[in-house]
Amino acid sequence: MSVGASWDLATIQVKALGGFFHSLVSRAGVSMGNSSSSSGRGHHDDTVDFGHLSPQGVYTGPRDWNQAVVSQLICARRLAPFYRPLEDYEESWDDDQILAARKELPDPENAEQTTRIEAASISNGSKSSIKRPSTLKEPARPEASVYRGAVECPICFLYYPPNINHSRCCDHPICTECFVQIKRSEPTTTHLVSDPAACPYCVQEHFGVVYTPPPWRTGFGSDGAISPWSSDSPKGSQPSIPSAGYPTHKRRQKSFSADSPEVVTTDQIRPDWEAKLAAVRAAVTRRANRRIIMRQVGDRIIPVGVTSGRVHALSPEEAAAAAENQDISGSRRSRRRQQASSNPGFEQYIGLGGQDLEELMVMEAMRLSLLEHEEQQRKEAEEKKKAVDASDPEAAVTTAESSGTGPSSLEVPPSDQTSSSLTLSSTSSTSLPSPSPAGTESSTSERRSFIPSRSRTPSPPTDSSWRKRTSNSPPFSTLNAALSATSTASAVPNASHDPPSMNATIIEPQTPSNPSHDIPAITIDIPMESPPEPTSFRAPSDGQHSKRPSPIHVDSLPSSVYSADSQTAPGISYDNLPSSPESITQEPLLSESKMIAYSQPRLPTEDESRDVGGSNRSV
Amino acid sequence: MASISARRLAKELHEIQTEGCPVGINLLQADDFAAWQFTIEVMGESLYQGEVFTLLFRFDKHYPISSPAVQFVVTDGKTSPVHPHVYSNGHICASILGNEWSPVLSVIAVCLTLQSMLASCKKKERPPDNDRYVRHAPDNPKKTQFHYDGNSP
């Protein structure tokens, strides 16, 4: 009785120390995420069924999963707690041997744990009436008996209590330490998809685990009056644990589907994977937005530099404002965004900094906004598309004649619709609040004057003189310009790839304007032309993802291999530079430009035409 | 406690030393948990009869979550097998070393897979893009993004 009482009191002590634990945990670098703070519940106890809520130092890499979600799942008994593993296990071992095999880990995570116990005993000592220290000194037997029938995790080769997670598909054991390590493939700038994690055992996609908790409960959630011993102290339940026998896992016949409620998937503990993917795509987009700045010297157009691609970086306030604009009608979206922005681990995406984070949020906002419109506008867009297709060839011919710059007008077939939506987006971009009005304005006006030279608008007055100049110049001078440009283009390797484009003051390979400028354009009711892209884009979970063609090696890779280390293969890397015209035909950039298409409804037409042209070229 | 990589490799090594390697595979060197070497030969009827190759495994600290870097040794007079999935610099185009790696696989499992890859070879030839690849290949084959497409390399 007295022993039980002291245990109870110690537990209360632990509860009182909750805040202190919290600071310890956060000092140890564990990101508790939003739930621990927003739920306001705090942790009543730091163990669940003699296991822990945070890893015990088996892995030392970054904890890039959402620890708050994992903790919740463990408390809900949907994921096995992080037990301190045994290096080895024999059935014949007694409790002492088991506890001896459960070595102290010198890792920081474990130092944290010992600190906790110290903190508890110190505080207990100050209260003086509690016999917590003695509880600590005599081995806590139930903590040993949970390891009876220990199971070796086939990945880390360590032993865990038999209540271990099992793969949803093929029913193999996997400890929580290893489970949280398994994640989707990281998107890279050359591989712009995030493949769902496959089961390490049977390679089935959308890996998930199912956990069967033991029939008893201790620690967190044990006062929930579910177990028969819950009215007793946990100490009182000790004899029941061994007598109940350790839960032996009966091999189940059926597998769970990835979306069954029992299953915890790798995506569930990394809910940010979509945003992460969007971040990489945004980074690629920004690179693709780089423009070659050309200067006219006499008859010649020479490249003088490359823009950063980040024409307009949103300040956090702006991003928030833009988000609010989009949020008028979406509680789901706002919740998602809050979650994203309050998640402390949010900025660690593959080392992308704050700027990319803002872009990411903007991209996500745009994506969500467009998804919302997608269903309503699908039919309308298709009709429009038919209309555009019908009028397209004619328009292209007309412009080719008027501009006299054949190659560029071939690449950018204009249409009534493109010019009108351009007007929309550029007007709205001026109304966008800007942190540096001067810089933004100048870049906006730059674009306005440059875009017409690519024959996107039929005949705006601003560029007539320029147009006249290019169309009047005899062919050899164009060639001359291209040649001289080539000679001065050493700093800009791609400038020489497309001499005809020299007629344009800025070479815009595929994304004529910065996404951030076009945010307001989304809210304007513009017909969407490419309904399928947004879904296939985000959607591995609904299966469309797998239908997407593999983004590499479509036509750009005649052979089976290329080097991901672009620095070691200059020829390849130059081909891959986003501003190179050839690279337009490459799938990663295509898919990335489709993303831009969310914000620019006129773009898909362009892409499609390039698609055709590109495949012709590559054949 | 050592890192997961070292601990798991220690257990794998222990298993190799107590139970031995499969036929045709022999541990050549495992002085640390950074790089191991094995000899590998195809037993029985095959195009590689009598040839012995050396496999080099390099492990990073995230093994077994991340795959080991595996290649044939082509220095010190050793050569890589002439095989449509093996480049002359020793790099191997095998999906289990790339996107199909699973942490459940072990060093020995990789050896066995490569052994059977050689054993099933029908024609001794280099990958069609061998010269181009070898010219630009990174030192670590894991930095190469191979395109695995079944039979042809």
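Remark: the backbone N or O of A:F157 is not paired with any side-chain donor or acceptor of B:R8 at under 3.5 angstrom.
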Exercise. Kindly indicate, with the supporting measurements, whether the criterion side chain to side chain contact (heavy atoms under 4.5 Å, CB included) is fulfilled by A:Q181 and B:H62.
Key: CA-CA 10 Å; A:Q181 298 293 327; B:H62 299 302; 6.0 Å; no
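When the shell of 6.0 Å around CD of B:E45 is examined, it contains 12 or fewer heavy atoms from other residues, nucleotides or ligands.
Between the CG atom of A:L158 and the CD1 atom of B:I4 there is a distance of 6.0 Å, given to the nearest 0.5 Å.
Considering only heavy atoms from C-beta on, B:K11 stays 4.5 Å or farther from A:D88 through its side chain.
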